[in-house]
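Working notes for the structure below.
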Amino acid sequence: MTGYSVDAMEFLQTVNQLERRFEEVTSPGALRKAMAEPESYDPVDHRLYVLAHDVFADTGWAMTIMVAAASFDGALVGQCKEFIQGCSSVVRMYGINVWLYGLVNGSTVAMFTGEPSENTPICIQTLHRSELVKRCRLKGPKRFGSKRNQQKVIREHCRQMHKLAAYTLMRWGDGSDPCIDTALMLLHEPAIGMCMLREDPKVLQVGAAPDMNFRRVVAALAELRARADEEFVRESSAGLESGAKVASKSGLKAEWETVHETAQIDTQETAPDHADYYKDPAYAQASARYLYDARRLIAGYRELWDRTTPDAAKVLVAIEQGEEGGEKYDAGAASDDDSVWHNVVHLREVSRSLLGADNACELIEGFNERDVARFDQGVALLESMAEIVEMEGLPMLPIVMLDEQDGYVGKRPGGLVKSSDDNRRKVSEIGEFLAGIVLARFPRGDVAKQCALALLDGEIVQYAKALRPMLRDDIEEVASART
């Protein structure tokens with residue numbers, strides 16, 4: 001069993017509402033009205049936009065539905081209707097997990113075959129009207145242009161389907177730890193996240209491989225997190241917590257000796273101003289833990305720099321396959337070294353929880369390749385994010401980072417301007433990695449769930465609203481002003 005429940009009934013009701021609204025706005029009557037009263041016609045239907053994002057989040061399918069409704073293109077409208085009806089049919093017969101597994105697995109298979117999945121939406125990239133009309137009438141991979149562009153589409157679709165699966169579990173799931181853990185894995189360890197969907201017996205019944213070896217990886221990662229938690233509590237009681245609170249003041253590039261020096265800092269030192277922003281002190285503690293982990297992460301990598309270490313990804317494969325997994329896991333960094341901060345598997349997972357899966361690549365691969373320039377780029381990014389956490393607090397990190405993005409504009413769907421494609425994708429990717437940080441770092445609960453949903457849907461204003469229940473009333477006004 002999955003250990004969590006998903007409200008398929010409410011999901012299907014929303015899909016039904018989406019289908020009906022889409023039928024209304026693309027009907028012959030709606031087209032006649034648009035042609036008769038072009039000056040009053042609004043190509044963006046707000047109700048349709050809300051429903052499309054409720055079901056498909058900020059993905060190419062939500063965009064394609066909006067474009068189809070605005071363009072009245074018969075071929076595109078037909079494709080959208082077929083996809084919506086297909087989703088509804090699968091969920092009604094087998095459940096949400098089977099539907100999600102099919103989408104995620106199909107997009108993953110496409111990565112290996114080199115041909116776009118049949119479920120890839122036309123508007124996964126923004127297109128000019130003429131190009132859109134042309135592609136809607138093509139079949140197979142040719143719908144997505146050149147071979148080079150097809151590969152870009154395949155990668156983007158795979159990313160979006162894992163994102164959609166995480167969003168769906170958060171949006172329609174029960175919010176329990178197993179549900180959140182699966183959503184987080186879909187963002188940080190996509191292959192393992194996909195396997196976790198197999199916990200639903202119905203997924204196995206429709207032909208998924210009955211291989212449950214991934215549970216070994218999940219258990220190993222949980223053990224590492226538990227050891228790190230114990231070490232944090234132990235060192236905090238020894239006075240290092242105050243050092244974590246001022247971590248960015250010393251600079252994350254400092255050598256490991258700096259960590260020991262922080263033990264001498266007056267334990268009565270005043271906490272950062274943002275520590276008093278929250279009704280629940282757990283959020284201030286999450287900020288302190290972020291800074292602590294950031295320091296320990298960089299120190300751990302630097303201490304291992306001149307030592308022979310295994311590749312973390314290969315260690316995880318060995319654990320999953322049971323091939324000397326125990327020995328390689330314990331020797332994650334070097335033999336006779338029991339420190340959790342010298343275990344490359346733990347360092348890899350912490351990197352992703354601090355930076356997001358994609359952003360952590362520079363740090364992780366820079367270390368694996370002993371590439372100083374690349375590693376330092378990762379360190380610099382982590383330093384900049386830690387500085388935001390130090391000054392503003394962890395809950396404000398997504399607001400500040402999205403606010404600082406050049407070209408970020410409040411989202412309005414339906415645009416077909418080619419130059420907006422990069423900006424739209426960039427905002428989507430940023431929201432995705434920030435959602436992963438929220439799920440990994442925020443205290444578990446409804447606030448974290450709603451914040452992650454807002455970020456996965458690319459809605460920064462909604463994220464700010466989701467923060468309100470845990471902010472003091474006077475601080476809430478400050479957060480609203482930033483958005």
Side-chain angles (χ1 to χ4, degrees), residues 188-189 217 220-221 223-232 234-236 238-240 243-244 246-265 289-320 323-387:
H188 282 182
E189 295 285 355
V217 175
L221 296 177
E223 181 183 341
L224 285 169
R225 284 193 295 271
R227 288 170 56 191
D229 290 344
E230 292 173 359
E231 190 166 320
F232 174 72
R234 184 169 60 252
E235 294 189 356
S236 294
L240 284 179
V246 295
S248 66
K249 295 179 181 179
S250 299
L252 292 177
K253 288 184 179 179
E255 297 298 329
W256 175 240
E257 285 75 15
T258 308
V259 176
H260 295 286
E261 291 172 6
T262 58
Q264 306 303 319
I265 297 177
R289 179 62 185 271
Y290 185 100
L291 297 172
Y292 170 88
D293 283 359
R295 174 178 293 284
R296 294 301 303 264
L297 174 69
I298 300 304
Y301 271 138
R302 291 193 182 283
E303 288 194 332
L304 294 175
W305 192 267
D306 295 325
R307 300 166 67 176
T308 300
T309 57
D311 183 284
K314 293 180 179 179
V315 175
L316 288 175
V317 171
I319 295 172
E320 182 177 7
E323 298 174 359
E324 302 179 3
E327 295 178 9
K328 291 186 179 181
Y329 164 60
D330 292 334
S335 58
D336 302 324
D337 191 338
D338 192 44
S339 172
V340 70
W341 292 103
H342 288 169
N343 188 299
V344 291
V345 172
H346 180 64
L347 296 180
R348 178 178 185 264
E349 295 309 301
V350 172
S351 296
R352 294 186 168 198
S353 74
L354 293 172
L355 292 164
D358 289 342
N359 279 344
C361 288
E362 294 300 311
L363 194 65
I364 296 169
E365 296 305 320
F367 171 78
N368 288 342
E369 299 168 4
R370 300 308 193 264
D371 184 328
V372 175
R374 194 174 182 186
F375 179 78
D376 284 347
Q377 286 181 4
V379 171
L381 176 59
L382 182 53
E383 282 189 305
S384 66
M385 292 175 65
E387 184 178 359

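Ring planes of Phe375 and Phe367: tilted class, angle from 30 to 60°.
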Check against salt bridge (Lys or Arg N to Asp or Glu O under 4.0 Å), Glu365 and Arg348: CA-CA 10 Å; Glu365 296 305 320; Arg348 178 178 185 264; over 6 Å; no

Full working for salt bridge (Lys or Arg N to Asp or Glu O under 4.0 Å) between Glu235 and Arg296: CA-CA 12 Å; Glu235 294 189 356; Arg296 294 301 303 264; 2.8 Å; yes

Salt bridge (Lys or Arg N to Asp or Glu O under 4.0 Å) evaluation trace for Arg352 with Glu189: CA-CA 9 Å; Arg352 294 186 168 198; Glu189 295 285 355; 3.5 Å; yes

Step-by-step salt bridge (Lys or Arg N to Asp or Glu O under 4.0 Å) determination, Asp229 to Arg289: CA-CA 10 Å; Asp229 290 344; Arg289 179 62 185 271; 3.0 Å; yes

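Just one of Leu304, Ile298, Thr309, Ile364 meets the side-chain contact (heavy atoms from CB on, under 4.5 Å) condition when paired with Leu347; it is Leu304.
A pairwise comparison of heavy atoms in Asn359 and Leu355 identifies CB-O, 3.1 Å as the closest pair. Contact record, Val344 with Pro310: CG2-O, 3.5 Å, taken as the closest heavy-atom pair. Heavy atoms only, all atoms of each residue included: Asp311 and Ala313 are closest at OD1-N, 2.8 Å. Contact record, Val340 with Arg227: N-NH2, 3.7 Å, taken as the closest heavy-atom pair. Contact between Arg307 and Arg370 at its shortest, heavy atoms only, is O-NH2, 2.8 Å.
The closest donor-acceptor contact from the side chain of Tyr290 to the backbone of Leu354 lies under 3.5 Å.
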